[in-house]
Chemist: 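Dropping the structure in here first, questions after.
Indexing begins at 1, ligand by ligand and atom by atom, following the structure's order. In this chain, residues are counted from 1 in sequence order.
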Amino acid sequence: MDTKTPAVSSPEHTSSPDFVRTIVAQDVQAGKNQGRVHTRFPPEPNGYLHIGHAKSISLNFGVAQEFGGLCNLRFDDTNPTKEDVEYVEAIQEDIRWLGFDWQDRLFYASDYFGRLYEFAEELILQGKAYVCDLSPEDMRAYRGTLTEPGRNSPNRERPVEENLDLFRRMKAGEFAEGSRTLRARIDMQSPNISLRDPVIYRILKTPHHRTGTAWCIYPMYDFAHCLSDALEGITHSICTLEFENNHALYDWFLDNLKVPGHPLQIEFARMNLNYVVMSKRKLRQLVEEGYVAGWDDPRMPTLAGLRRRGYTPASIREFCERIGVAKAISIVDISLLEFCVRDDLNKHALRVMGILRPLKVVIDNYPEGTVEEMDAINNPEDPSAGTRRVPFSRVIYIERDDFREDPPPKYFRLAPGREVRLRYAYFIKCVGVVKDPVTGEVVELHCTYDPSTRGGDAPDGRKVKATLHWVSAAHAVDAQVNLYDRLFGVQDPGNEPEGHSFIEYLNPNSLEILSGCKLEPSVLNAPALTHYQFERQGYFCVDAESRPDKLIFNRTAALRDTWARIEEGSKA
Ligand code: ATP
Ligand code: MG
């Protein structure tokens, strides 16, 4: 048991520890649980983890780390009808990717089915649980409402022996699904509806992904969760606010059964993020009905989606730290998440030049067949990233957007007769424009270069107002680039009014696929998920399905930073 002095650390961006850490620190100081801190992250394997889960993961694993304690990973697999091993594996991969480690403490609520069953019999023997024959509809009617007390089940006074016999026969599969339940015998008049004789076991004749057909009765979440916590020696059971009403029930089970300890349930507000849906049911619908390419579609707020989009674990951890932990429900602006990834990638992503919408430029006075290697800086924020050589030749591509035949005022980039700098190369001047005779579209530019400006400065001191990125046509590699935008066009897609579906709020332009992009050759063999900044364009990463003969890049974020502007604006 680890009892060393805890290091109480507060997150970088808040001045004092949040209320969860304050409670934990007080408990440690008071010597509760012999000073131990043991938390757990309890996902239900019925979907992929999303950014909201990241907050819970950072909190649970973070608190354990900071107090020299432990954090378990426990699958809350009590509902075999919705669960799948695919999710069990994906969840583990995502937590590891985020940077957290449960070491050898991977558990499943289903590991405890045998013990939970014994606990249920113990309640029956104490006269604190009974088998109820009410149908689900009747049970609902008997439960009462917030303003009306409930009514006792006709089976509430069943003798212990009969309850025991019926419960054993439920377990043996003698009764049909939905025909009977085991209920805790608490108080049908309680103002807290969760205490009105809640169901603790139900009949489900569905095989379980781990226990197979061994069980046809399954414990309810409220019963299984607190007991699993207690069996694992959890000291602080951190959960989201919707469990506040279940707190008394959590304590009731632990107080009425012989358990090795009594964890403290602490509730915090779940993270809400605008422009996304986070309900697993809705995320599953997006996947199953084909609105996205899968759980890891780069537009999804899942960790798998964010990873494929190019988000880094550090940026997600930073985001979770910045939003903090509170009791009050709030909605976080997604631009903060975007800010965090830009901030991290700015420090770490290699710079390259890539042309998304190419326009061919022939440098008329540059010698044919000559290739020069230009020195380019890999990351101005990180000198240790070094430099690379980028080939330059007579025919290059520039961004279509970097040329205007009739430049509007304040447009300083290339135009007929105008001179600009090519990054790391030369000044060029536009001397001719070739158009498609039919459409009139500009298809090629002719320029001249000034050999004395190699490296990007004119010895005579003349200035240009723009610096363009470019790639050498003969050396460029072709790539597909996926430009992603928000999946939903409205701030709160999950809060649809009666008669509407969140599907209606999908942004029809959330994915733009650009093919025929021209990238500098250094990106050719980069492994999947390598991060880049395409100069002047944004942050991109190599897609999971990219191959050297079919390069695919995903845009993580554009360079434009609305959050920084908002922050600056609020300072001003
Ligand atoms: P569902 O959407 O299926 O009801 P859930 O989002 O609660 O499920 P779980 O797998 O039960 O998903 O969640 C695991 C843990 O993550 C729980 O402790 C839950 O409280 C926490 N969690 C889930 N969503 C959020 C969120 N948006 N913010 C913070 N914590 C969350
Ligand atoms: Mg849940």
Chemist: Please identify which atoms of ligand 1 are closer than 4.0 Å to at least one heavy atom of S56.
Modeler: 16 (O), 21 (C), 30 (N)
Chemist: Using heavy-atom distances only, which candidate in P42, G47, C320 approaches atom 14 (C) of ligand 1 most closely?
Modeler: P42
Chemist: Among D94, T312, T302, D296, find the one that has a side chain to side chain donor-acceptor pair (under 3.5 Å) with R307.
Modeler: D94
Chemist: What do we get for N272 next to ligand 1 when only non-hydrogen atoms under 4.0 Å count, side chain, backbone, both or neither?
Modeler: neither
Chemist: Considering the heavy atoms of T240, write down every atom of ligand 1 situated less than 4.0 Å from one of them.
Modeler: 19 (C), 20 (O), 29 (C), 30 (N), 31 (C)
Chemist: Give, for atom CG of L249 and atom SG of C226, the distance between the pair rounded to the nearest 0.5 Å.
Modeler: 7.0 Å
Chemist: So, regarding K55 and ligand 1 (criterion: nitrogen or oxygen to nitrogen or oxygen, under 3.5 Å), is there a contact or not?
Modeler: no
Chemist: Taking both backbone and side-chain atoms of R270, is any N or O found less than 3.5 Å from an N or O belonging to ligand 1?
Modeler: yes
Chemist: F243 near ligand 1, heavy-atom distance under 4.0 Å?
Modeler: no
Chemist: Is the NZ or CZ atom of R40 positioned over F107's six-membered ring, under 6.0 angstrom from the centre and within 45° of the axis?
Modeler: no
Chemist: With only distance considered, is S279 within less than 3.5 Å of ligand 1 through an N or O on each side?
Modeler: no
Chemist: Looking only at side-chain N and O atoms, does E44 offer a donor or acceptor that is under 3.5 Å from a partner on Y87?
Modeler: no
Chemist: Which of the numbered atoms in ligand 1 are under 4.0 angstrom from any heavy atom belonging to N46?
Modeler: 3 (O)
Chemist: When you measure from the centre of the six-membered ring of Y484, is the NZ or CZ of R555 closer than 6.0 Å and no more than 45° off the axis?
Modeler: no
Chemist: Is D76 close to ligand 1, meaning an N/O of one under 3.5 Å from an N/O of the other?
Modeler: no
Chemist: Heavy-atom count check: over 12 atoms from other residues, nucleotides or ligands less than 6.0 Å from I329 CD1?
Modeler: no
Chemist: Which residue from R74, M271, R281 reaches closest to atom 28 (N) of ligand 1 through any of its heavy atoms?
Modeler: M271
Chemist: Find all atoms of ligand 1 within a distance of less than 4.0 Å from any non-hydrogen atom belonging to E44, and give their numbers and elements.
Modeler: 9 (P), 10 (O)
Chemist: Checking H209 against D84 for the side-chain hydrogen bond (donor to acceptor under 3.5 Å, both in side chains) test, could you report, in this order, the C-alpha distance in whole Å, the side-chain angles of both residues, the deciding distance, and whether it holds?
Modeler: CA-CA 6 Å; H209 63 100; D84 197 287; over 6 Å; no
Chemist: Would you indicate whether R96, at its atom CZ, is surrounded by more than 12 heavy atoms from other residues, nucleotides or ligands within a distance under 6.0 Å?
Modeler: yes
